[in-house]
Visitor: 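Provided herewith is a single structure, encoded as structure tokens, for subsequent inquiry.
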Amino acid sequence: MRIERVTLREIRMPMVMRFETSFGATTDRRIMLVEVHAGGVMGWGECTAGEEPHYSPETIESAWHILRDFLWPEIQGKEFNSARDVWAMFCQTRGHNMAKAALESAIWDAEAKQKGMPLWKLLGGVREEIASGVSIGIQPTVSDLIATVEKELAAGYQRIKIKIKPGQEIKPVEALRKRWPNVRLMVDANSAYTLEDIALLKQLDPYGLMMIEQPLGWDDIYSHAKLQKQIQTPICLDECIHEYGHALAAIELGACKIINMKMGRVGGQLQVRRIHDLCQKNGIPVWCGGMLEAGIGRAQNIALSTLENFTLPGDVAASKRYWAEDIIDPEVEVTPKGTIKVPSGPGIGYQVKLERVERLTVRRENLV
Ligand code: OSB
Ligand code: MG
């Protein structure tokens, strides 16, 4: 295949909820969309880089620059066999995985459409329904939190994740456990703690959490290995795992028992597959994380969640939790039993609403 043209767009979308984590709050998203044209089809990718470099070093601005000035020139005018080959073509650029994933995943969608098959099948997926959980931002009060959890459980979600930060962890967890002794519950700290907090983190052990996600430094696998030896709650790494070698190191050091997979963080669908296979071989379950994606990123997440070792509910939830109106048709919906039905159409399997995308676009650049 050969990519004839790429269009980059920035869209702005206000969120229907305010999403607060230990590193800050998001109310409006700036999202880079990537549209690739190849052999009569259009493929779509969405960049998960944030507005600020607070979750990872990348931002929408850095991703735009790297994609246009360094990644696109590597594939421009070149003939290659498959989206599988794209990651290797980017090897001159260190890091910038979210920029790489945005372009690579759009090419996967295009390839699946050329072959007339669903993306999830092209990726090697094995299931037609995926389990859905929710990630709930830090709430102003414990009673706000309880009301939010109540609503999400009523909607059917199979697992509740709450964001925590120092001083707001034991009390919320205690309150939720008192109210719902058996709900599948987990916490995500987004790197807000240090090894000085071991005694505090140990206090979470009695609550039977499924896992604690990324308690320590965003790039610090070693300290997580030290922590995991001293707490019972399984550690799940998110921010720390940017590549295959990190997953291998984390597994061999015992730094985690579970890995959160995000396509943007690891550099695309091929890398998701490689890390997934490594985890599977080592008995480490994975689940699909979320980055407050609009419909295209959400659809890519649904496709990768069909791989065999995605055995735990992910953070991939219904469009309406985030947006008044999504950019895909149909929108992503969750069934009363907390699942998402995987679409059967070609590529990502959802129609991109071009008119809506055009209306939301504040910047656009054609790469030819
Ligand atoms: O740590 O998983 C995270 C959102 C933005 C950045 C980091 C994270 C998150 C979420 C939200 O937890 C998941 C979602 O609902 O998309
Ligand atoms: Mg996380």
Side-chain angles (χ1 to χ4, degrees), residues 13 15-31 46-60 63 97-98 101 130-139 148-149 151-152 155 157-165 169 185-193 209-220 224 234-242 250 256 258-266 286-302 304-305 312-323 326 332 334 338 340:
M13 289 177 82
M15 296 187 63
V16 295
M17 55 152 174
R18 169 194 151 89
F19 191 75
E20 184 176 336
T21 70
S22 62
F23 60 76
T26 306
T27 52
D28 295 277
R29 294 279 351 259
R30 297 174 57 196
I31 300 174
E46 178 176 326
C47 185
T48 60
E51 297 74 22
E52 291 140 347
H54 297 166
Y55 164 84
S56 94
E58 292 186 81
T59 67
I60 177 172
N97 283 344
M98 292 175 176
I130 64 165
S132 185
V134 281
S135 173
I136 298 175
I138 294 168
Q139 301 294 310
T148 307
V149 171
K151 190 180 95 203
E152 304 294 11
Y157 288 103
Q158 296 188 14
R159 171 284 259 150
I160 299 293
K161 154 170 149 184
I162 65 164
K163 294 288 189 177
I164 57 169
K165 67 178 182 185
E169 66 292 277
L185 182 64
M186 59 173 288
V187 294
D188 185 356
N190 289 108
S191 301
Y193 298 88
L209 301 177
M210 291 175 83
M211 66 195 93
I212 176 169
E213 187 177 337
Q214 195 69 38
L216 309 178
W218 75 279
D219 215 10
D220 185 359
H224 283 96
I235 292 176
C236 170
L237 289 179
D238 173 357
E239 281 90 328
C240 272
I241 309 296
H242 325 146
C256 65
I258 299 168
I259 288 179
N260 165 329
M261 293 283 249
K262 289 181 182 168
M263 189 198 28
R265 202 191 63 224
V266 302
V286 302
W287 53 277
C288 185
M291 292 291 289
L292 311 176
E293 287 93 345
I296 294 166
R298 202 162 292 281
Q300 292 271 357
N301 284 342
I302 292 168
L304 69 88
S305 299
L312 299 170
D315 278 347
V316 186
S319 299
K320 69 170 186 213
R321 280 194 79 234
Y322 307 83
W323 318 113
D326 205 340
V332 174
V334 168
I340 295 172

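Both counts, for ligands and for their atoms, begin at 1 and track the order of listing. The analysis underlying the following values was restricted to heavy atoms, covering all of them including side chains, and did not include hydrogens, waters or symmetry mates.
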Visitor: With heavy-atom distances below 4.5 Å as the criterion, would you say the side chains of Met186 and Glu213 are in contact?
Guide: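 Result yes, sub-4.5 Å side-chain heavy-atom pair found.
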
Visitor: Between Asp238 and ligand 1, is there a nitrogen or oxygen pair with a distance under 3.5 Å?
Guide: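 Min N/O separation from ligand 1 is below 3.5 Å for Asp238.
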
Visitor: In terms of relative ring orientation, are His54 and Phe23 parallel, tilted or perpendicular, with 30° and 60° separating the classes?
Guide: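 Judged by the thresholds at 30° and 60°, the geometry between His54 and Phe23 is perpendicular.
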
Visitor: Within the structure, does Tyr55 bring an N/O atom to less than 3.5 angstrom of an N/O atom in ligand 1?
Guide: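 The answer is no, given that Tyr55 and ligand 1 share no N or O pair closer than 3.5 Å.
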
Visitor: Using distance alone, determine whether Leu292 and ligand 1 share an N or O pair under 3.5 Å.
Guide: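 Among all N and O atoms of Leu292, at least one is under 3.5 Å from an N or O of ligand 1.
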
Visitor: Within a distance under 4.0 Å of any heavy atom of Lys163, pick out the atoms of ligand 1 and give their elements.
Guide: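 With Lys163 as reference, the close atoms of ligand 1 come out as 1 (O), 2 (O), 3 (C), 8 (C), 9 (C), 10 (C), 12 (O).
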
Visitor: Considering both backbone and side-chain atoms of Asn260, is one of its nitrogen or oxygen atoms within less than 3.5 Å of a nitrogen or oxygen in ligand 1?
Guide: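 By distance alone, the answer is no.
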
Visitor: Mind running side-chain contact (heavy atoms from CB on, under 4.5 Å) on Arg321 and Ile136 for me, showing each step along the way?
Guide: CA-CA 10 Å; Arg321 280 194 79 234; Ile136 298 175; 4.3 Å; yes

Visitor: Suppose we measure from atom 6 (C) of ligand 1 to each protein heavy atom; which comes out shortest, and what is that distance?
Guide: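 Checked against all protein heavy atoms, atom 6 (C) of ligand 1 sits closest to Met291 SD, 3.6 Å.
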
Visitor: Going by the order shown, which atoms of ligand 1 are within less than 4.0 Å of some heavy atom of Asp315?
Guide: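 So the answer, numbered in order with elements, is 12 (O), 13 (C), 14 (C), 15 (O).
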
Visitor: With a 4.0 Å cut-off on heavy atoms, does Gln214 reach ligand 1?
Guide: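 In this structure, Gln214 fails to qualify as a contact of ligand 1 - no heavy atom is under 4.0 Å.
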
Visitor: Return the closest protein heavy atom for atom 1 (O) of ligand 1 as residue, atom name and distance.
Guide: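 That would be Asn190 ND2, 2.7 Å.
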
Visitor: Where the closest heavy atom to atom 9 (C) of ligand 1 is concerned, which of Ser135, Gly297, Gly290 has it?
Guide: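 Looking at heavy atoms only, the winner is Gly290.
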
Visitor: Please give me the minimum heavy-atom distance between Glu293 and Arg298, naming the atom from each residue.
Guide: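 That would be O-NH2, 2.6 Å.
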
Visitor: Picking from Thr48, Asp238, Asn301, what satisfies side-chain hydrogen bond (donor to acceptor under 3.5 Å, both in side chains) with Lys262?
Guide: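 Between Lys262 and the candidates, side-chain hydrogen bond (donor to acceptor under 3.5 Å, both in side chains) is satisfied uniquely by Asp238.
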
Visitor: Carefully, step by step, assess Gln214 and Asn190 under the rule side-chain contact (heavy atoms from CB on, under 4.5 Å).
Guide: CA-CA 5 Å; Gln214 195 69 38; Asn190 289 108; 5.7 Å; no

Visitor: Can you check whether Lys161 has an N/O within less than 3.5 Å of an N/O in ligand 1?
Guide: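 Right, the criterion is met.
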
Visitor: At less than 2.8 Å, how many protein N/O/S atoms surround the Mg ion (ligand 2)? Leave waters out.
Guide: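 Number of qualifying protein atoms: 3.
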
Visitor: Tell me, which pairs form a salt bridge (charged side-chain N to carboxylate O under 4.0 Å, His left out) where one or both residues lie in residues 47-58, sequence neighbours left out?
Guide: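 Qualifying pairs: Arg29-Glu51.
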
Visitor: Closest heavy-atom contact between Ala131 and Gln158?
Guide: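 Shortest heavy-atom contact: CB-OE1, 3.4 Å.
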
Visitor: Which option out of Lys262, His54, Arg321, Glu213 puts a heavy atom nearest to atom 3 (C) of ligand 1?
Guide: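 Answer by nearest heavy atom: Lys262.
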
